[in-house]
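Okay, so here's the structure we're looking at.
Quick note on labels: first sequence line is chain A, next is B, and so on, each numbered from 1.
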2 protein chains.
Amino acid sequence: MSAQIETPAKTGPSEDEVLRQIEQAVLDHRLPPGTKLKEVQLATLFGVKRGLIRKVLTRLAHSRLVDQTPNRGASVAKPSVKEGQDLFATRRIIESAILETLITQIDSKIIRHLRKLLEREQRAYQRGDSETALALSVDFHRQLAALAGNSVLDEYLNDIIRRTPLVILTHLGDDEQNRCRNQEHAAIIDALEQGDVKKAVKVMQQHLLHIENKIQHKPETRQADLATLLRPQSEQTLA
Amino acid sequence: MSAQIETPAKTGPSEDEVLRQIEQAVLDHRLPPGTKLKEVQLATLFGVKRGLIRKVLTRLAHSRLVDQTPNRGASVAKPSVKEGQDLFATRRIIESAILETLITQIDSKIIRHLRKLLEREQRAYQRGDSETALALSVDFHRQLAALAGNSVLDEYLNDIIRRTPLVILTHLGDDEQNRCRNQEHAAIIDALEQGDVKKAVKVMQQHLLHIENKIQHKPETRQADLATLLRPQSEQTLA
DNA sequence: TACTAAAATATTGTTAACAATTTAATAATC
DNA sequence: GATTATTAAATTGTTAACAATATTTTAGTA
């Protein structure tokens, strides 16, 4: 392989790409709540200008993933207990509505699609790949929202999903116990297949309450290394 | 009073103030969908720098109140029929959930507060002040959301409320017929007072469906210019 | 006139330099 | 040593100048 002498004017990632990568890092628990997001550091890390980062941070703050204080910069948001409770309560409402919307258009193809996703999730879990398992369990909820076909509900659920890790890490800690149990995902698929919405909704409610009920007072939080952002790009395999 | 010779370095409105004013203008039907939002024009209008406006437009686009196309600037969003339907369907879900949350904490004080608001709305309507009437009827829904006490539900309802005029003006037109009927607001208060959530929810559903059902195929005032039609594949921002 | 091409204008996008502020480091005082 | 001042460094915030692109106007041609 030949050495590259001249720097080839590498064009960095776009604004949306940077945004997505930071969102993904939060989702993957690589960026814990409270992490300071310094502009020059991010700019060099992503290979973009500071102005780009600045704009992205503004957008992230607008959707409450980031806290911005004048003259003191941005950091990954740390939702209050109240906000966490409200978020989960709303999540139950939205996810129930998604199931009720989805049931009207369930067919065997959708069921197969969901089972396939679930299978991958289970396999990842069984082989101890908890990182992939987490991503796939998030995907399960996302797929339900997308399949329901209501773009606004989809939008809102995705907003909630992005903010959920912040609540869990702030108030519960990064523990296997605080994640989706995939046998409940299985039960939801079963109920959908049977056309039993009420049951599907009930399981979903319990599924979410399982975590929600734990939200009380916080344990600890530490500052994370921004360089973890360089590691990532683990392709979140999405069908 | 002495004449002021020197220009006193008037400090313009803040970023948030500019944002709110534009949002309010949309809410008041003063800024119809499709209106071009030119940066310098807005900057001089508000007495701020262009950079400020630029940031505000980014935020407005992030919450789908504004459409932004690279190199062609921003304009007030024109939601599609599909988006309009999804928005209204979601609104029914959210407002119902708000009523169900609110009912657990209803007391005579809240009822009095709502009736007072309703009275002002009715008076404004009766004296032909349709601008105030519109604002107050919006306030009715907003107050319900605020009183329910779930900050995320509140956030989402406000998001929907801000986007609703865009749907109505794009697909129905600025007509008295396409507004809240305040006798239905009255019926909702009555049901809440009686502690009858089911009835309150039912009235709310009808209330919203009254407008929602009209959304069909657009009377489309859009003058299709050839340049836009010939432009290859506008990038669809996927949620 | 109707159409095309070219120039002029207007508008958005980007950048680097600088200002303002906060944070960290060092020195001074008790 | 602990606490407060003082200085230095780092970080965020702002701006004006310029570049890139789009739009309008004008001129040219059949």
Side-chain angles (χ1 to χ4, degrees), chain A residues 7-19 22 31 34-62 64-78 221-227 229, chain B residues 7-19 22 31 34-62 65-78 222-235 237:
Chain A
T7 309
K10 200 197 307 184
T11 165
S14 74
E15 181 181 327
D16 285 336
E17 283 175 294
V18 173
L19 183 85
I22 294 178
L31 270 183
T35 308
K36 199 89 200 336
L37 299 171
K38 299 184 186 177
E39 298 179 355
V40 288
Q41 195 177 358
L42 286 173
T44 53
L45 208 57
F46 283 106
V48 299
K49 299 289 181 203
R50 190 159 69 98
L52 198 310
I53 295 295
R54 203 149 232 282
K55 217 160 141 192
V56 168
L57 289 176
T58 302
R59 290 174 62 184
L60 287 169
H62 198 72
R64 297 183 197 278
L65 241 60
V66 152
D67 281 338
Q68 249 176 338
T69 354
N71 294 321
R72 330 185 96 213
S75 57
V76 179
K78 291 177 75 166
T221 341
R222 71 167 200 291
Q223 198 88 347
D225 176 21
L226 264 192
L229 274 178
Chain B
T7 309
K10 199 199 305 183
T11 164
S14 73
E15 182 181 326
D16 285 336
E17 282 176 293
V18 172
L19 183 84
I22 295 178
L31 270 184
T35 307
K36 198 89 200 339
L37 299 171
K38 298 184 188 177
E39 298 178 356
V40 287
Q41 194 178 357
L42 287 173
T44 53
L45 205 56
F46 283 107
V48 298
K49 299 290 181 206
R50 189 161 68 99
L52 200 308
I53 295 295
R54 200 151 234 281
K55 216 159 139 192
V56 169
L57 289 176
T58 302
R59 289 174 62 184
L60 287 169
H62 198 72
L65 240 62
V66 153
D67 281 339
Q68 248 177 338
T69 344
N71 293 321
R72 328 185 94 210
S75 57
V76 178
K78 292 178 77 166
R222 159 177 275 192
Q223 37 192 338
D225 71 319
L226 220 51
T228 308
L229 289 177
L230 292 181
R231 200 175 316 282
Q233 273 301 54
S234 65
E235 61 255 88
T237 49

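- Between D:dT12, C:dT14, D:dA16, one nucleotide has an atom nearer to the side chain of B:K49 than all others, and that is D:dA16.
- Scanning all heavy atoms of the two residues, the minimum distance from B:E39 to B:L57 falls at CG-CD1, 4.1 Å.
- Between the P atom of D:dT15 and the NZ atom of B:K55 lies a distance of 11 Å, rounded to the nearest Å.
- Between B:R59 and B:D16 the shortest heavy-atom distance is NH1-OD1, 3.1 Å.
- Between A:V66 and A:A74 the shortest heavy-atom distance is CG1-CB, 3.6 Å.
- Nearest heavy-atom pair across B:G34 and B:S75 is O-CB, 3.8 Å.
- The side chain of B:R50 places no N or O atom within less than 4.0 Å of a non-bridging phosphate oxygen (OP1 or OP2) of C:dT12.
- Nucleotide D:dT14 holds its P atom 7 Å from the CZ atom of A:R54, rounded to whole Å.
- Annotation for A:E15 and A:L52: closest pair CA-CD1, 3.6 Å, computed over non-hydrogen atoms.
- Taking CD1 from B:I53 and NZ from B:K38, the interatomic distance works out to 14.5 Å, rounded to the nearest 0.5 Å.
- When rounded to the nearest whole Å, the span between CD1 of A:I53 and P of D:dG13 equals 14 Å.
- Taking atom CG of B:L42 as the reference point, atom C1' of C:dT12 lies 13 Å away to the nearest angstrom.
- A:T58 places a side-chain heavy atom less than 4.5 Å from the side chain of A:Q68.
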Show each protein N/O and nucleotides 8-11 of chain D N/O combination with a separation under 3.5 Å, one pair to a line.
from	atom 1	to	atom 2	distance (Å)
D:dT11	OP1	A:K38	NZ	3.1

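- Residue B:L60 comes nearest to B:I22 through the heavy atom pair CD1-CG2, 3.7 Å, listed as atom of the first residue, atom of the second, then distance.
- Taken from NZ in A:K78 to OG1 in A:T35, the straight-line distance is 9.5 Å, to the nearest 0.5 Å.
- If you check every strand for non-hydrogen atoms under 4.0 Å, A:L57 touches nothing.
- Between the axis at the start and the axis at the end of the helix from C:dT1-D:dA30 to C:dC30-D:dG1 there is an angle of 0°, using five pairs per end and rounding to 10 degrees.
- Whole-Å rounding puts the A:L52 CG to D:dT12 P distance at 15 Å.
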